[in-house]
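Keep in mind it's a predicted model, so treat the numbers as computed, not measured.
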Amino acid sequence: MKAEKLAEIIGADFYTGVPDSQLKALCNYLMNTYGIDKEHHVIAANEGNCVALAAGYHLATGKVPVVYMQNSGEGNIINPVASLLSDRVYAIPMIFIIGWRGEPGVHDEPQHIYQGEVTIKLLDDMDIESFVIGKETTTEKVAEKMEEFRDILARGKNVAFVIRKGALTYDEDVIYENNYQMSREEIIRRLVKVTGEDPIVSTTGKASRELFEVRAEGGQSHEYDFLTVGSMGHTSSIALGIAFQKPNTKIWCLDGDGSMLMHMGAMALAGTNAPKNLVHVVINNGAHETVGGMPTVAENINLVDMAKACGYPNAVCVKSFAELDRELKTAKEREELSFIEVKCAIGSRADLGRPTTSAKENKQNFMKFLRRI
């Protein structure tokens with residue numbers, strides 16, 4: 001089904017969401033149609049943020065908004081759906097478009113498997129009626145279902161279109177790029193050179209995949225790294241928890257701008273506690289690159305000032321490899337909490353692989369390593 005046809009059938013004029021690779025066709029359609037436009041299309045920090053923003057749109061206009069997300073974001077919407085949107089509270093109608101990663105019977109990455117199994121159940125539990133769109137679903141059937149949904153929305157309830165892999169298409173391309181030169185993989189290669197045998201906690205997506213390949217390329221052990229799969233936005237909190245328990249070991253958090261923004265309160269917690277052994281590295285390309293490249297707001301805010309405001313005693317931004325090498329070495333030697341923002345180009349190798357060990361194997365090897373230090 002064409003993404004633009006789905007939008008036509010829904011008939012909404014306000015979309016907000018967190019990008020998803022399964023919804024790339026819709027995301028590209030929205031970018032080509034609206035770009036980032038506060039009146040029609042906003043990419044938010046997390047899915048709960050989207051729901052609240054969309055609720056504000058409804059309160060101001062009386063119209064029904066659309067929130068799009070990967071199904072992993074369902075956890076982030078449970079509270080605002082149950083305590084804000086519910087027809088037992090404010091009765092705010094909303095249409096959700098949800099990419100179904102980990103659908104039973106469809107091969108996917110480990111972090112999506114259980115989430116895929118409970119996707120429809122979670123919607124049912126939240127009293128959100130859903131309709132699944134697959135490659136074979138006709139526009140007539142979607143239009144028919146949307147008419148049924150309008151009656152539900154009129155009662156102040158919520159509905160969802162759940163999108164199977166490959167169900168949406170869009171013929172036009174969108175090019176996502178920025179003006180920075182450093183590649184993320186080379187940034188990670190230089191980070192690994194400096195960290196040695198220090199533990200690294202890396203964020204979900206391509207950063208962890210590249211870290212795994214950099215270790216393999218150098219013949220190094222993977223036991224030093226906790227490759228966070230899923231749990232977007234929580235990487236720095238995992239690293240902080242380890243830093244608390246291993247005060248005499250330097251702990252490195254390899255974060256991304258989209259991840260950092262998703263649960264930004266974690267930085268306030270880290271800065272307030274200021275563990276002397278934690279280094280928080282944010283690779284900032286201003287994009288949700290792993291799921292297609294749509295922009296984040298990180299290019300428009302001062303992350304260094306934000307880190308300092310949260311209590312980080314040391315915070316810098318680097319834009320060259322010479323600066324990066326210098327600041328990594330300084331942070332390793334420093335006995336204070338450090339924050340390093342690294343401006344990064346958008347893009348990765350087309351042949352980038354995936355970890356060859358399971359998530360459980362990664363956890364077990366990492367825990368054995370932590371027990372030895």
Side-chain angles (χ1 to χ4, degrees), residues 17-27 46-48 50 67-79 81 96-126 128 130-137 160-168 201-213 215-216 222-223 225-235 237-238 241 254-256 258-259 262-263 288-292 348 351-368:
V18 175
D20 169 39
S21 57
Q22 206 115 303
L23 299 179
K24 186 175 180 180
L26 175 67
C27 293
N46 65 57
E47 294 82 4
C50 297
V67 171
Y68 63 86
M69 69 183 78
Q70 186 182 110
N71 53 344
S72 60
E74 286 184 333
N76 283 336
I77 70 170
I78 289 174
N79 176 262
V81 166
F96 293 97
I97 300 179
I98 301 172
W100 196 354
R101 295 296 302 270
E103 178 186 358
V106 179
H107 175 73
D108 214 320
E109 300 307 309
Q111 67 268 31
H112 298 299
I113 294 173
Y114 181 67
Q115 182 69 57
E117 292 174 0
V118 300
T119 291
I120 303 299
K121 182 179 185 300
L122 282 175
L123 293 172
D124 291 342
D125 289 344
M126 289 187 285
I128 299 176
S130 62
F131 178 74
V132 177
I133 297 179
K135 291 181 180 179
E136 73 290 342
T137 307
F161 289 106
V162 179
I163 311 299
R164 286 184 164 132
K165 185 176 182 179
L168 292 183
V201 180
S202 60
T203 189
T204 189
K206 290 183 179 178
S208 281
R209 292 166 60 185
E210 288 169 339
L211 176 57
F212 189 91
E213 294 220 340
R215 292 289 193 196
H222 298 292
E223 66 180 355
D225 310 321
F226 183 79
L227 309 175
T228 309
V229 295
S231 305
M232 184 171 169
H234 296 298
T235 308
S237 295
I238 297 170
L254 175 58
D255 214 347
S259 170
M262 183 161 278
H263 295 295
H288 289 283
E289 190 199 329
T290 296
V291 292
S348 62
D351 62 347
L352 179 62
R354 295 181 182 275
T356 55
T357 55
S358 71
K360 287 183 180 179
E361 289 171 334
N362 175 219
K363 181 201 77 168
Q364 291 163 355
N365 292 334
F366 185 71
M367 289 179 70
K368 286 178 183 177

[X] versus [Y]: any side-chain heavy-atom pair under 4.5 Å?
X: Phe212; Y: Thr357; result: yes
X: Glu109; Y: Val229; result: no
X: Glu289; Y: Ser348; result: yes
X: Val18; Y: Gln70; result: no
X: Asp125; Y: Glu74; result: no
X: Ile77; Y: Met69; result: yes

Above 12 or not: heavy atoms from other molecules or residues under 6.0 Å from NZ of Lys206?
yes
Where do [X] and [Y] come nearest, in terms of heavy atoms and distance?
X: Gly230; Y: Thr204; value: N-OG1, 3.0 Å
X: Ser202; Y: Ser208; value: OG-OG, 2.6 Å
X: Ala167; Y: Gly134; value: CB-C, 3.6 Å
X: Asn46; Y: Gly48; value: OD1-N, 3.0 Å
X: Met232; Y: Met262; value: O-SD, 3.4 Å
X: Leu123; Y: Ser130; value: CD1-CB, 3.8 Å

Are the side chain of [X] and the backbone of [Y] linked by a donor-acceptor contact shorter than 3.5 Å?
X: Arg209; Y: Arg354; value: no
X: Glu213; Y: Gly353; value: yes
X: Gln22; Y: Trp100; value: yes
X: Asp108; Y: Gly102; value: yes

Which distance, rounded to the nearest 0.5 Å, do you find between the [atom1] of [X] and the [atom2] of [Y]?
X: Glu47; Y: Cys50; atom1: CD; atom2: SG; answer: 6.0 Å
X: Met367; Y: Phe226; atom1: CE; atom2: CZ; answer: 9.5 Å
X: Ile120; Y: Ile128; atom1: CD1; atom2: CD1; answer: 10.5 Å
X: Leu122; Y: Asn71; atom1: CG; atom2: CG; answer: 9.0 Å
X: Glu361; Y: Lys363; atom1: CD; atom2: NZ; answer: 11.5 Å
X: Leu168; Y: Ile163; atom1: CG; atom2: CD1; answer: 4.5 Å

Salt bridge check: are Arg164 and Glu103 linked by an N-O gap of less than 4.0 Å?
yes
On the 0 to 90° scale, with breaks at 30° and 60°, tag the Phe161-Phe131 ring pair as parallel, tilted or perpendicular.
perpendicular
Determine, stepwise, if the pair His222 / Leu227 fulfils side chain to side chain contact (heavy atoms under 4.5 Å, CB included).
CA-CA 9 Å; His222 298 292; Leu227 309 175; 6.0 Å; no
Which residue is it: Thr137, Ile98, Thr119, Val162? I am looking for the one with a side chain to side chain contact (heavy atoms under 4.5 Å, CB included) to Val132.
Val162
Could you check Gln111, Gln115, His112 and say which one makes a side chain to side chain contact (heavy atoms under 4.5 Å, CB included) with Arg101?
His112
Would you please name every residue forming a side-chain hydrogen bond (donor to acceptor under 3.5 Å, both in side chains) with Thr203, sequence neighbours left out?
Thr235, Ser259
